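Values in this document were obtained by computation on a predicted structure and should not be read as measured data.
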Amino acid sequence: MSQDFENAPKCAPCPFPRAKRACQIEDGKGNDGCPSIMHQEVLEKANKAYEDPDTLHFARMASVQEASCYQNRGPDPYTLQPGKTRIEEIIQFARRMGYTRLGMAFCAGLRKEAALVDKLFTMRGFEMVSAVCKSGRTLKSDLGIASEDQICIGKDESICNPIYQAELLNAHGTQLNILLGLCVGHDSLFLKHCEAPCTVLAAKDRVTGHNPLAPIYQLDSYYAKLMVPELDEMVEPGQGSMKK
């Protein structure tokens, strides 16, 4: 095992309660690689980014938005009481930032939802630029994807084109982009090629009605199979067939 991985941050399995963690209190505790105890050079580099005025303003508004989502605030002890849905948060954050033109990249499978989201933002005065994943009708065969690796075998099939979605929004000067149900991998390409900051309204999960955490909540019951790696579907490296 490399030294880099031994010292890598491992916040997810941190064994200490919130009230005793180094990220929460001075002189708190942390496990191996705790980023609140170690990695100070990386922390200094990250914090230096806030010296940029635009980044600082964005970070401040994001923090203000976070606090505004709780109905009761004050010193400990108190009980958290959230009061705003994610779509309300996005609307309010866009207003705090003074944005007027928003972009939305959505999956063709969420056309109805996209139309409603577009309507809600338009009603509030935002200019909406939206692009569906199949925009442009670039064929999968153009990327060398074999017919047997398509959804509909034997037919012309358009790729999801997140790079085109990103470039469309870039070309029309969107100030904040909203992801709605892009596929795994396609969402990564979209984020990589966007010029404006992005936020996710919904992550695609075809089985759970776009609630990706449902299997995590049910690991001790209906999704217990996830705790048995031997039951995973075997996906060999480079399994996809490519046309020559």
Point to revise | salt bridge (charged side-chain N to carboxylate O under 4.0 Å, His left out) contacts in which one or both residues fall within residues 23-51, not counting sequence neighbours | key: K48-E51
Point to revise | Closest heavy-atom pair and its distance - E88, G83 | key: OE1-O, 4.3 Å
Review point. Closest heavy-atom contact between I37 and A22?
Key: CG1-CB, 3.8 Å
Study note, to complete from the structure: dist L168:CG -> S130:OG (nearest 0.5 Å) comes out at 10.0 Å
Point to revise | For K10, side-chain contact (heavy atoms from CB on, under 4.5 Å) partners two or more places apart | key: F5, A8, P13, N31
Check your understanding: Can you tell me how far CD1 of I153 sits from NZ of K155, rounded to the nearest 0.5 angstrom?
Key -> 11.5 Å
Exercise for review: Tell me, yes or no, whether the heavy-atom count around Y222 atom OH, taken from other residues, nucleotides or ligands under 6.0 Å, exceeds 12.
Suggested key: no
Review point. Shortest non-hydrogen contact from C107 to K204?
Key: SG-NZ, 3.0 Å
Point to revise | Side-chain heavy-atom pair I151, K140 within 4.5 angstrom cut-off | key: yes
Check your understanding: Quick one: are L102 and E127 in side-chain contact, heavy atoms under 4.5 Å?
Key -> no
Point to revise | From R95 atom CZ to Y99 atom OH, the distance as rounded to the nearest 0.5 Å | key: 15.5 Å
Check your understanding: Linking I/L/V/M/F/W/Y whenever their side-chain heavy atoms sit closer than 4.5 Å, directly or via other members, would L110 and I90 fall into one cluster?
Key -> yes
Review point. Which atoms form the tightest heavy-atom contact between Q150 and G154, and what is the distance?
Key: NE2-N, 4.4 Å
Practice item. Please collect all ring-ring contact (aromatic ring centres under 6.0 Å, His included) contacts where either partner lies in residues 191-218, sequence neighbours excluded, each pair once. Key: none
Check your understanding: For the atom pair CZ (R137) and OH (Y164), what is the distance rounded to the nearest 0.5 Å?
Key -> 13.5 Å
Practice item. Taking Q92 for its side chain and Q65 for its backbone only, find out whether a donor-acceptor pair lies under 3.5 Å. Key: no
Check your understanding: Passes side chain to side chain donor-acceptor pair (under 3.5 Å), D52 versus T55? Steps please.
Key -> CA-CA 5 Å; D52 172 71; T55 302; 2.9 Å; yes
Practice item. Search all heavy atoms of R111 against all heavy atoms of F106 and return the closest pair with its distance. Key: CA-CE1, 4.2 Å
Check your understanding: Would D205 and T208 count as having a side-chain donor-acceptor pair, cut-off 3.5 Å?
Key -> yes
List the atom pairs, with distances to 0.1 Å, where a side-chain N or O of residues 174-186 and a protein N or O form a donor-acceptor pair under 3.5 Å, not counting sequence neighbours.
from: T174; atom 1: OG1; to: L169; atom 2: O; distance (Å): 3.3
from: T174; atom 1: OG1; to: N177; atom 2: OD1; distance (Å): 2.7
from: Q175; atom 1: OE1; to: T100; atom 2: N; distance (Å): 2.7
from: Q175; atom 1: OE1; to: T100; atom 2: OG1; distance (Å): 3.4
from: Q175; atom 1: OE1; to: R101; atom 2: N; distance (Å): 2.8

Check your understanding: Out of curiosity, does F93 fall in the hydrophobic cluster containing I87 (side-chain heavy atoms, cut-off under 4.5 Å, transitive links)?
Key -> yes
Review point. Okay, side chain of R96, backbone of M61: is any donor-acceptor separation there less than 3.5 Å?
Key: no
**Study point:** Check: Q24 side chain, A19 main-chain N or O, donor-acceptor pair, under 3.5 Å
**Key:** no
Point to revise | Backbone N/O of K134 and side chain of N161: donor-acceptor pair under 3.5 Å | key: no
Point to revise | Polar side-chain atom of S135 near backbone of V132 as donor-acceptor pair, under 3.5 Å | key: yes
Check your understanding: In Å, rounded to the nearest 0.5 Å, how long is the span from CG of D118 to CE of M123?
Key -> 11.5 Å
Review point. Would a distance-only check, ignoring hydrogens and angles, find a side-chain to backbone donor-acceptor pair under 3.5 Å from Q40 to M38?
Key: yes
**Study point:** Residue pairs passing the ring-ring contact (aromatic ring centres under 6.0 Å, His included) test where at least one lies in residues 112-142, sequence neighbours excluded
**Key:** F121-F126
Review point. Are F190 and M104 co-members of a hydrophobic cluster defined by side-chain heavy atoms under 4.5 Å apart?
Key: no
Review point. Do L120 and M128 sit in the same hydrophobic cluster, where Ile, Leu, Val, Met, Phe, Trp and Tyr count as joined when their side-chain heavy atoms come under 4.5 Å apart?
Key: yes
Review point. For the residue pair A108 and C133, what are the closest heavy atoms and their distance?
Key: N-SG, 3.3 Å
Practice item. Kindly give the cluster partners of L189, where membership spreads through any ILVMFWY side chain lying under 4.5 Å from a current member. Key: I163
Point to revise | Test item: K84 side-chain N/O and S68 main-chain N/O as donor-acceptor pair under 3.5 Å | key: yes
**Study point:** Rounded distance [0.5 Å steps], OH in Y70 versus CD in Q81
**Key:** 11.5 Å
Check your understanding: Counting only heavy atoms not in H172, do more than 12 sit closer than 6.0 Å to its NE2 atom?
Key -> no
Review point. Do L226 and P215 come within less than 4.5 Å of each other through their side chains, counting heavy atoms only?
Key: yes
